[in-house]
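Start at 1 and go down the list; that is how both ligands and their atoms are numbered. Keep in mind that the numbers below use all heavy atoms, side chains included, and drop hydrogens, waters and symmetry copies.
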Amino acid sequence: MRCKNTCQVLLAIMVLFACRSAYGQDSIADKSTKMQWFKDAKLGVFIHWGLYSVNGIDESWSFYNGYISHNNYVKQTKGFTAKNYHPEKWVELIKNSGAKYTVITSKHHEGFALWNSKYGNFNSVESAAAKKDVLTLFVEEVRKEGLKLGIYYSLPDWSYPDYTHFTRDSVRYKANDEPKRWNKFLNLYQGQLKELSDNYNPDLYWFDGDWEHSSEEWQVPKVKSMLQERNPNAIINSRLKEDGDYDTPEQGMPITRPTNPYWELCMTMNNSWGYQKNDHDYKTADQIIGIFTDVISNGGNLLLDIGPKGDGTIPQEQVEILEGLGRWTNKHKEAIYETVAGIPKEHFYGATTLSKDRRTLYLFVKSNANGEIVLRGLKNNINRIYVVGEGTKLSHQEVGKVYWSHYPGIKYIKLPEHVLDQNMTVLAVMLDGEVDLYREKGSVIESN
Ligand code: GLC
């Protein structure tokens with residue numbers, strides 16, 4: 001008996017070692033453990049806050065593309081007052097929306113840092129009217145409320161005199177031609193990252209702007225190991241060259257299910273990342289919830305963006321969207337969090353998720369559904385169907401089932417109008433075992 005136990009322990013240790021690859025990179029087993037919270041989280045809130053929030057213009061790109069001079073762009077420091085900034089309210093709003101994590105721009109491409117960086121003085125404490133380390137104040141609240149923390153960091157720093165690129169028409173130098181100068185920049189960027197990792201130990205790094213240089217020039221392996229030394233479980237998005245931990249499609253919901261099991265759609269509520277007074281082209285609550293359910297149905301996360309104003313207030317339209325989302329996520333949480341991707345669209349013409357044990361199938365039904373829900377090719381028997389967050393038990397009918405064939409009939413679920421949610425109704429279909437789908441090519445009628 002004792003030998004059996006010892007042998008089991010030894011075997012477990014061997015398996016554990018075998019799981020580490022020769023180069024010390026994360027094995028697949030390690031990766032799924034590290035990624036678990038991210039997989040379960042489903043919803044995150046992205047925050048674009050910086051100098052651009054003052055005039056309400058494109059983040060960094062407005063001067064890069066020549067719509068405003070760099071000088072005038074930088075003058076926005078005077079309007080970056082953060083005078084109505086209440087990070088505890090931001091975090092409360094984010095948490096109530098149902099988001100489990102948040103990603104904030106610590107520094108965008110223009111180089112203005114939201115924390116008291118020792119590298120230069122282009123930051124919210126030393127060169128803005130705010131005179132505050134707004135990032136630290138935010139992180140404190142995020143930690144207090146138990147949300148996961150993501151830090152966005154732009155690799156390019158277009159304002160820094162020793163960075164290569166300045167505007168679209170003006171490149172200062174080439175990294176290869178002036179290695180000393182390039183090293184000066186590397187020192188700044190890697191030093192800042194070290195500050196962020198030492199100060200905040202983020203759960204996730206959201207890099208951006210890697211297109212301007214090669215992996216070699218950015219010194220990606222060195223940067224990765226520096227961050228992972230501090231926190232081996234830190235997740236890194238796929239914008240630090242090479243393959244990061246997860247893909248980051250931007251704005252466009254993927255049409256076919258991504259092959260990478262880890263992905264996150266980042267999306268604006270209107271057409272702008274940062275605050276833009278003139279942009280009222282907001283998506284409706286129905287559209288956002290529709291996209292969100294499509295995302296989780298395909299195994300991804302949604303990172304929904306807000307753009308606070310220079311004084312720290314969050315535009316009312318954005319507050320309302322987050323509140324509306326919160327009502328819906330709170331009512332339907334069992335169908336959202338800690339679920340896995342749903343079934344192929346041939347079986348149900350809409351978004352679906354599955355409980356982790358794969359024994360409950362959740363159907364997301366648009367509120368204008370006309371009373372009858374159709375499920376095709378489901379081999380399981382159904383134990384019970386109920387309306388999530390509302391409780392009504394629903395009956396179903398099976399059509400086209402003949403006793404001598406294992407082809408499952410088509411299941412019709414009656415959906416009375418009084419159970420409909422104002423945005424999206426969710427049905428829980430409890431199965432008699434793990435979901436079992438008929439995927440055969442054959443015809444319904446089998447010979448003999
Ligand atoms: C793009 C843009 C940047 C924005 C980001 C968000 O990379 O350059 O302005 O912050 O997308 O995903």
Novice: Closest non-hydrogen protein atom to atom 11 (O) of ligand 1, residue and atom name please, with distance?
Specialist: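 That would be Glu250 OE2, 3.0 Å.
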Novice: Donor-acceptor check, side chain of Arg376 to backbone of Glu346, threshold 3.5 angstrom: yes or no?
Specialist: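 Yes, Arg376 side chain to Glu346 backbone: donor-acceptor pair under 3.5 Å.
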Novice: For atom 10 (O) of ligand 1, what's the nearest protein heavy atom and its distance?
Specialist: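 The closest one turns out to be His48 NE2, 2.6 Å.
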Novice: Closest non-hydrogen protein atom to atom 5 (C) of ligand 1, residue and atom name please, with distance?
Specialist: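 Closest protein heavy atom to atom 5 (C) of ligand 1: Asp208 OD2, 3.3 Å.
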Novice: In the protein, what heavy atom is nearest to atom 2 (C) of ligand 1, and what distance, to one decimal place, separates them?
Specialist: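 In this structure, atom 2 (C) of ligand 1 has Trp61 NE1, 3.6 Å as its nearest protein heavy atom.
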Novice: Please report whether ligand 1 has a polar contact with Trp211, defined as an N or O pair separated by less than 3.5 Å (distance criterion only).
Specialist: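 There is no such contact.
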Novice: Which of the atoms in ligand 1, numbered in the order shown and given with their element, are less than 4.0 Å from a heavy-atom of His108?
Specialist: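 Atoms satisfying the 4.0 Å criterion: 3 (C), 4 (C), 9 (O), 10 (O).
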Novice: Take every heavy atom of Tyr52, measure it against each atom of ligand 1, and state whether any distance is under 4.0 Å.
Specialist: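 Flag not set, Tyr52 not near ligand 1.
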Novice: Under 3.5 Å, side chain of Glu217 to main-chain N/O of Ser214, donor-acceptor pair present?
Specialist: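 Between the backbone of Ser214 and the side chain of Glu217 there is a qualifying donor-acceptor contact (under 3.5 Å).
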Novice: Show the nearest heavy-atom pair for residues Ser272 and Asp305, with the distance to one decimal.
Specialist: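 For Ser272 and Asp305, the tightest heavy-atom pair comes out as O-OD2, 3.8 Å.
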Novice: Looking at Asp210 and Arg239, does any basic side-chain N land under 4.0 Å from a carboxylate oxygen?
Specialist: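 Judged by the 4.0 Å cut-off on N to carboxylate O distance, Asp210 and Arg239 do not form a salt bridge.
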Novice: Between Tyr163 and His165, how do the two ring planes meet: parallel, tilted or perpendicular, split at 30° and 60°?
Specialist: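 Geometry flag for His165 against Tyr163: tilted rings.
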Novice: Yes or no: does Trp206 have any heavy atom under 4.0 Å from an atom of ligand 1?
Specialist: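 Distance cut 4.0 Å: Trp206 passes for ligand 1.
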Novice: Of Lys174, Arg181, Lys180, which is the lone residue that meets salt bridge (Lys or Arg N to Asp or Glu O under 4.0 Å) with Glu178?
Specialist: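 Among the candidates, only Arg181 passes.
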Novice: Under 4.0 Å from a heavy atom of Cys266: which atoms of ligand 1 are those, numbered in the order shown and with their elements?
Specialist: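 Ligand 1 atoms under the 4.0 Å threshold to Cys266: 12 (O).
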Novice: Heavy-atom contacts with Glu59 under 4.0 Å: which atoms of ligand 1 show up? List them by number with element.
Specialist: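 Atoms satisfying the 4.0 Å criterion: 3 (C), 9 (O).
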Novice: Cationic tip of Lys100 within the cone over Tyr337's six-membered ring, i.e. under 6.0 Å and within 45° of the normal?
Specialist: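 Pair Lys100/Tyr337 counts as cation-pi.
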Novice: Report the relative orientation of the aromatic rings in Tyr152 and Phe46; use parallel for angles under 30°, tilted for 30 to 60°, perpendicular for over 60°.
Specialist: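 Judged by the thresholds at 30° and 60°, the geometry between Tyr152 and Phe46 is tilted.
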Novice: Which of the atoms in ligand 1, numbered in the order shown and given with their element, are less than 4.0 Å from a heavy-atom of Arg239?
Specialist: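 Heavy-atom distances to Arg239 below 4.0 Å select 7 (O), 11 (O), 12 (O).
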Novice: Is it the side chain (CB and beyond), the backbone, both or neither of Phe207 that lies under 4.0 Å from ligand 1, heavy atoms counted?
Specialist: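 The answer is neither.
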